[in-house]
Amino acid sequence: MAGWLLKTEPGTFGIEHLAGAPRRTSSWDGVRNYQARNFLRDQVQRGDQAFLYHSSCAVPGIAGIVTVTRAGFPDVSAFDRKNEHFDAASDPAAPRWYAIDVQLKRRFKRIITLEELRAHADGKLRGMRLLQRGNRLSVMPVSDAHWQFILTLE
DNA sequence: GCCAACGTTGGC
DNA sequence: GCCAACGTTGGC
C-alpha cells in the first residue's frame, strides 16, 4: 500500500472542510499539472493513504491523514465553463485531468510543520520530495520509511 | 507583497 | 525543437 502527500490550501479546502463534509469525504479535483495528474490517473489506488498538507498559509505542514476511497477518474470540473479550473482543451471523450475521492481518516493532534520536517531533511527524511528545492508538485509519493518516521513526530 | 523556482506557451 | 516570455506556486 502506497503513501502519498496531497497539498491543499486550508483557506480554500483544508482539513476542516473535509471534516465537515458528508461522510468526511470529498473529491480531490482541480489538479492541473501533468506530473501530478499522472500519479492520480496511474498510481493512486483505492485504499491508499495520504498525508494532507497545508500550503500557502501561516504554518505550512501536515494536518492529518486521508484514505483514498476512489481511484483516479476524469475530473469533470475541467468541462464546466463556470468552474475556476475549467480547461477548454480537456475533451470529455479524452479527459486530460483526473480526480480522486478521499475520506478524512485522522486529524493530527497538531500540525507537523514544514519547519520540523526540514529539520530532518539531511537525516531521516533525506530525499523527501516535499523538502526538495523549488518543489511544486501537489501530489507526490511518500516512501514507507518517511511515512513511518513522520508518524513518530506527532 | 516579494521573489526564486518551476511549468507552460508560442514564435521562430 | 529551442528558448524567451509569461504565469503560477509557495515559503518567507
Side-chain angles (χ1 to χ4, degrees), chain A residues 2-21 26-44 48-66 68 71-102 104-143 145-147 149-154:
Chain A
W4 303 94
L5 184 142
L6 306 174
K7 276 187 198 169
T8 187
E9 295 187 16
T12 308
F13 190 93
I15 201 161
E16 289 180 31
H17 298 82
L18 197 52
S26 173
S27 288
W28 190 270
D29 62 11
V31 171
R32 297 292 180 266
N33 166 283
Y34 288 103
Q35 204 177 352
R37 185 281 312 268
N38 292 346
F39 284 133
L40 295 179
R41 186 189 59 187
D42 305 331
Q43 292 190 246
V44 177
D48 285 355
Q49 291 187 20
F51 287 133
L52 196 74
Y53 178 86
H54 282 173
S55 72
S56 296
C57 56
V59 185
I62 300 172
I65 297 174
V66 299
V68 176
F73 58 93
D75 181 350
V76 295
S77 73
F79 309 137
D80 177 4
R81 217 160 261 286
K82 294 199 178 71
N83 193 288
E84 63 170 319
H85 299 296
F86 172 70
D87 179 5
S90 186
D91 175 1
R96 174 174 296 195
W97 305 115
Y98 279 71
I100 56 175
D101 284 351
V102 297
L104 179 61
K105 181 182 185 198
R106 184 164 79 81
R107 203 171 169 159
F108 286 162
K109 294 190 275 291
R110 59 183 194 86
I111 301 276
I112 298 175
T113 67
L114 177 61
E115 187 182 13
E116 287 176 84
L117 298 172
R118 275 206 197 289
H120 300 280
D122 293 323
K124 296 278 194 182
L125 297 179
R126 181 185 296 278
M128 188 182 183
R129 200 121 182 207
L130 181 73
L131 306 179
Q132 283 164 13
R133 226 162 74 101
N135 168 69
R136 292 168 53 172
L137 259 190
S138 55
V139 179
M140 70 188 83
V142 177
S143 77
H146 289 168
W147 182 279
F149 178 72
I150 289 167
L151 290 181
T152 70
L153 296 176
E154 185 183 5

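Protein chains get the first letters and strands the later ones, always in sequence-line order, with residue 1 at the start of each. It should be emphasised that the depicted structure is a prediction, and the values quoted were computed from it without experimental measurement.
For residues 87-96 of chain A, the pairs satisfying side chain to side chain donor-acceptor pair (under 3.5 Å) are A/Y34-A/R96, A/D87-A/W97, with sequence neighbours left out. Residue pairs that meet the salt bridge (Lys or Arg N to Asp or Glu O under 4.0 Å) test with at least one member in residues 106-121 of chain A, sequence neighbours left out, are A/E16-A/R107, A/R106-A/E154, A/K109-A/E154, A/R110-A/E116.
Under the side-chain contact (heavy atoms from CB on, under 4.5 Å) criterion, A/K105 pairs with A/Q49, A/I65, A/T67, sequence neighbours left out. For A/F73, the side-chain contact (heavy atoms from CB on, under 4.5 Å) partners at least two apart in sequence or on another chain are A/S27, A/R70, A/A99, A/D101. With sequence neighbours left out, the salt bridge (charged side-chain N to carboxylate O under 4.0 Å, His left out) criterion links A/R129 to no other residue. For the side-chain contact (heavy atoms from CB on, under 4.5 Å) test, residues two or more places apart in sequence or in another chain that qualify with A/A36 are A/V31, A/N33, A/L137, A/S138, A/V139. Every residue was checked against the salt bridge (charged side-chain N to carboxylate O under 4.0 Å, His left out) condition with A/R126, not counting sequence neighbours, and none meets it.
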If pairs are Watson-Crick or G-U with both distances under 3.5 Å, what is the dot-bracket string of DNA chain C, marking crossing pairs with [ ] and pairs to another strand with |? ||||||||||||
Which letters describe nucleotides 6-12 of chain C, given B = protein heavy atom under 4.0 Å from base, S = only from sugar-phosphate, - = neither? -BBSBS-
